[in-house]
Peer 1: 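Sharing a structure with you now.
Note that the coordinates shown come from a computational prediction; the quantities given were computed from them, not determined experimentally. Values below: all heavy atoms of this structure, side chains included; hydrogens, waters and symmetry mates excluded.
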Amino acid sequence: MAVATLYRRSLTSPPAIDFSSADGKNIFKEAVQKGTMEGYFSLISYFQTLSEPAFSGLASLSVVLNALSIDSDRKWKGSWRWFDESMLDCCEPLEIVKEKGISFGKLVCLAHCSGAKVEAFRTSQSTIGDFRKFVVACSISEKCHMISSYDRGVFKQTGSAHFSPIGGYSAERDMALILDVTRFKYPPHWVPLKLLWEAMDTTDQSTGKRRGFMLISRLHKDPGLLYTLSCKDESWISIVKYLKEDVPRLVSSQHVDTVDKILSVVFKSLPSNFNTFIKWVAEIRRTEDAKPNLSAEEESRQKLKRDELTQVHETELFEHVSKFLTSVGYEENLSFAAATACCQGAKVLSGCSSNEYYCRETSVKCIKGHGPSGEEEATVIAGVVVRDGSEQEVDLLVPSTRPVSKGSEYYNPEPKYPSGSDAFTALLMALPPQTWFGIKDQALQTKMKKLVSVGTFSTMHHEEVSHLRRQLIMLKRCQENKEEEDLTAPLS
């Protein structure tokens with residue numbers, strides 16, 4: 001029995017003009033001469049076709065993130081780090097996106113969680129004049145790109161809700177270049193900017209809100225260098241609610257008069273699986289791919305991670321957290337954490353999301369810096385991960401610090417690795433400042449604000465904490481189903 005298939009669609013012109021047509025080429029030449037195609041070249045260098053019909057948002061975001069050279073910090077295939085649609089599952093499960101697509105607000109959330117700086121506007125929050133200015137700004141620079149959310153029907157195309165990167169602008173004709181990620185259906189094409197605005201100024205039936213556009217650029221540095229929040233486990237919903245709602249209530253309603261009592265109130269009421277919510281960013285590689293020394297790139301990243309870890313370990317808050325966790329019998333177990341990270345890394349390297357992995361053994365070794373005379377830069381946890389009887393050897397690069405001060409009674413000369421104590425410390429710093437406003441003892445409230453403040457720390461530490469705070473805010477919006485609301489609200 002024959003199966004009906006489709007091969008491309010005819011692009012309705014007008015209103016659209018095929019990019020590769022004679023007229024399309026002339027518009028391109030004019031725009032290049034006017035300098036409004038600078039963003040095009042980086043986008044086209046990383047352009048891709050969506051892998052599922054409903055993945056236009058994920059494919060558009062992958063193109064833009066890769067064009068901005070934002071490091072995913074996750075292995076894609078082999079030993080390569082790269083953004084791919086399959087990795088953009090932070091704010092919505094891929095199964096749901098595959099079936100229903102993704103909303104404008106959740107794509108904004110994904111861009112934030114992927115480490116980009118995002119400014120998002122619905123048409124109800126902007127004007128066509130502002131939109132034109134933003135299109136021009138992105139077209140004359142490679143440092144910022146735009147993704148548009150629009151209704152295809154306005155262009156007399158089949159389908160409705162769609163996302164695409166905007167690849168350039170023609171000032172003479174007031175037209176924008178749509179780099180359609182459904183290349184099997186429609187080629188890149190020019191459309192009148194006024195008509196593109198009308199296509200965005202439509203209502204998304206799934207949310208009841210207007211569509212719009214987002215401007216995506218790089219942050220000062222790649223965020224999430226050492227810590228990140230995870231919403232892979234469904235328990236993240238209760239954890240976010242606990243941190244944003246319950247903690248402020250607990251510290252204001254309980255009789256707390258010391259920092260240790262605050263920590264006791266916070267930690268003793270933690271939801272289960274809290275340790276799966278904040279994680280340190282592990283760097284995994286296949287053992288057979290590993291070199292005897294760190295590469296220059298690995299050495300540079302490990303140094304940055306070590307510097308960030310050192311700053312956390314040297315805070316007074318970390319000392320309080322460590323003391324408290326020790327008093328309640330909390331044990332740091334690098335081997336267990338490493339085994340878990342090795343299993344997660346094996347999943348990424350193999351491309352299989354099965355939970356049927358376990359780490360049979362781990363061992364610790366040292367690895368030196370770039371070149372034969374490199375200094376010792378990292379600890380390596382070598383793990384043997386097993387699934388269905390087959391084994392895979394993976395290496396986990398672990399930053400460490402070596403305390404030099406003996407001024408504290410809790411001084412320990414042994415190397416310190418990323419652990420629950422510093423992760424909890426970073427998370428406490430990432431909570432909104434108003435978390436502690438309800439503490440009734442004013443002296444204690446002042447002290448707590450000082451402990452969690454990042455004002456005196458380096459730019460790197462400030463951005464690390466700010467990244468966690470942005471993630472918390474976006475996850476809170478998702479938890480309340482408010483990610484579709486005030487997209488211009490500050491994430492701080």
Side-chain angles (χ1 to χ4, degrees), residues 109 112-113 115 117-119 219-221 223-229 231 236 238-271 274 277-278 308 311-322 324 421-480 482-483 485-492:
C109 174
H112 277 293
C113 291
K117 177 183 177 182
V118 190
E119 297 176 86
L219 290 168
H220 177 69
K221 74 168 190 66
L225 182 70
L226 196 60
Y227 309 104
T228 191
L229 303 182
C231 53
W236 73 265
S238 63
I239 294 171
V240 169
K241 179 180 181 298
Y242 173 76
L243 291 172
K244 300 284 283 185
E245 297 177 14
D246 296 346
V247 170
R249 177 178 52 80
L250 286 169
V251 299
S252 64
S253 61
Q254 299 283 340
H255 178 67
V256 292
D257 54 12
T258 66
V259 173
D260 289 344
K261 285 186 178 179
I262 291 177
L263 296 178
S264 177
V265 167
V266 172
F267 287 111
K268 286 188 176 179
S269 301
L270 286 176
F274 184 81
F277 181 62
I278 180 167
E308 169 61 17
Q311 288 195 70
V312 174
H313 285 171
E314 290 179 348
T315 64
E316 186 180 349
L317 181 60
F318 174 76
E319 191 168 309
H320 280 285
V321 171
S322 298
F324 172 77
S421 294
D422 54 82
F424 290 150
T425 300
L427 187 57
L428 287 173
M429 290 179 169
L431 293 179
Q434 59 267 31
T435 301
W436 319 106
F437 288 0
I439 299 175
K440 294 179 173 57
D441 186 317
Q442 289 302 307
L444 179 60
Q445 183 185 128
T446 301
K447 181 175 178 60
M448 196 65 196
K449 290 178 184 178
K450 182 179 179 181
L451 286 175
V452 299
S453 172
V454 295
T456 60
F457 291 97
S458 70
T459 300
M460 179 177 67
H461 181 64
H462 189 277
E463 292 183 347
E464 191 79 7
V465 172
S466 295
H467 175 65
L468 291 177
R469 187 171 293 168
R470 285 192 296 270
Q471 284 187 305
L472 265 178
I473 293 172
M474 290 305 300
L475 290 176
K476 179 71 165 104
R477 290 182 187 176
C478 289
Q479 181 253 331
E480 295 177 338
K482 291 183 178 179
E483 77 281 353
E485 295 186 2
D486 190 3
L487 296 170
T488 59
L491 293 180
S492 59

Peer 1: Nearest heavy-atom pair of Phe318 and Val312: which atoms, and what distance?
Peer 2: CB-O, 3.1 Å

Peer 1: Side chains of Val452 and Thr435: closer than 4.5 Å at any heavy-atom pair?
Peer 2: no

Peer 1: Could you tell me whether Lys117 atom NZ has more than 12 heavy atoms of other residues or ligands within 6.0 Å of it?
Peer 2: no

Peer 1: Who pairs with Lys261 by side chain to side chain donor-acceptor pair (under 3.5 Å), at least two apart in sequence or on another chain?
Peer 2: Asp257

Peer 1: So, does Ser264 use its side chain to make a donor-acceptor pair with the main chain of Asp260 at under 3.5 Å?
Peer 2: no

Peer 1: Which residue, Asp441, Leu444, Leu451, forms the side chain to side chain contact (heavy atoms under 4.5 Å, CB included) with Ile262?
Peer 2: Leu444

Peer 1: May I ask you to check whether over 12 heavy atoms, not counting those of Lys449, lie within 6.0 Å of atom NZ?
Peer 2: yes

Peer 1: For Lys447, what residues pass the side chain to side chain donor-acceptor pair (under 3.5 Å) criterion, not counting sequence neighbours?
Peer 2: Glu316

Peer 1: Hey, are the side chains of Ser421 and His313 touching, using non-hydrogen atoms and a 4.5 Å cut-off?
Peer 2: no

Peer 1: Should the pair Phe424 and Phe267 be assigned to parallel (<30°), tilted (30 to 60°) or perpendicular (>60°) ring geometry?
Peer 2: tilted

Peer 1: To the nearest 0.5 angstrom, please state how far the CG atom of Leu250 sits from the CD1 atom of Ile439.
Peer 2: 11.5 Å

Peer 1: Could you measure the distance from the OG atom of Ser453 to the NE2 atom of His462? Nearest 0.5 Å is fine.
Peer 2: 8.0 Å

Peer 1: Indicate the atoms forming the closest heavy-atom contact of Thr315 with Gln311, along with that distance.
Peer 2: CG2-O, 3.1 Å

Peer 1: Between Pro248 and Leu243, what is the shortest heavy-atom contact and its length?
Peer 2: CD-O, 3.7 Å

Peer 1: Of the non-hydrogen atoms in Arg469 and Ala430, which two are nearest, and what is the gap between them?
Peer 2: NE-O, 3.0 Å

Peer 1: Given side chains that start at C-beta, do those of Leu472 and Leu431 come closer than 4.5 Å, heavy atoms only?
Peer 2: yes

Peer 1: Rounded at 0.5 Å granularity, tell me how far OG1 in Thr258 sits from CE in Met448.
Peer 2: 10.5 Å

Peer 1: Between His461 and Met429, is any pair of side-chain heavy atoms under 4.5 Å apart?
Peer 2: yes

Peer 1: Given side chains that start at C-beta, do those of Leu263 and Leu428 come closer than 4.5 Å, heavy atoms only?
Peer 2: yes

Peer 1: Could you check whether any side-chain heavy atom of Tyr242 comes within less than 4.5 Å of a side-chain heavy atom of Val266, counting everything from C-beta outward?
Peer 2: yes

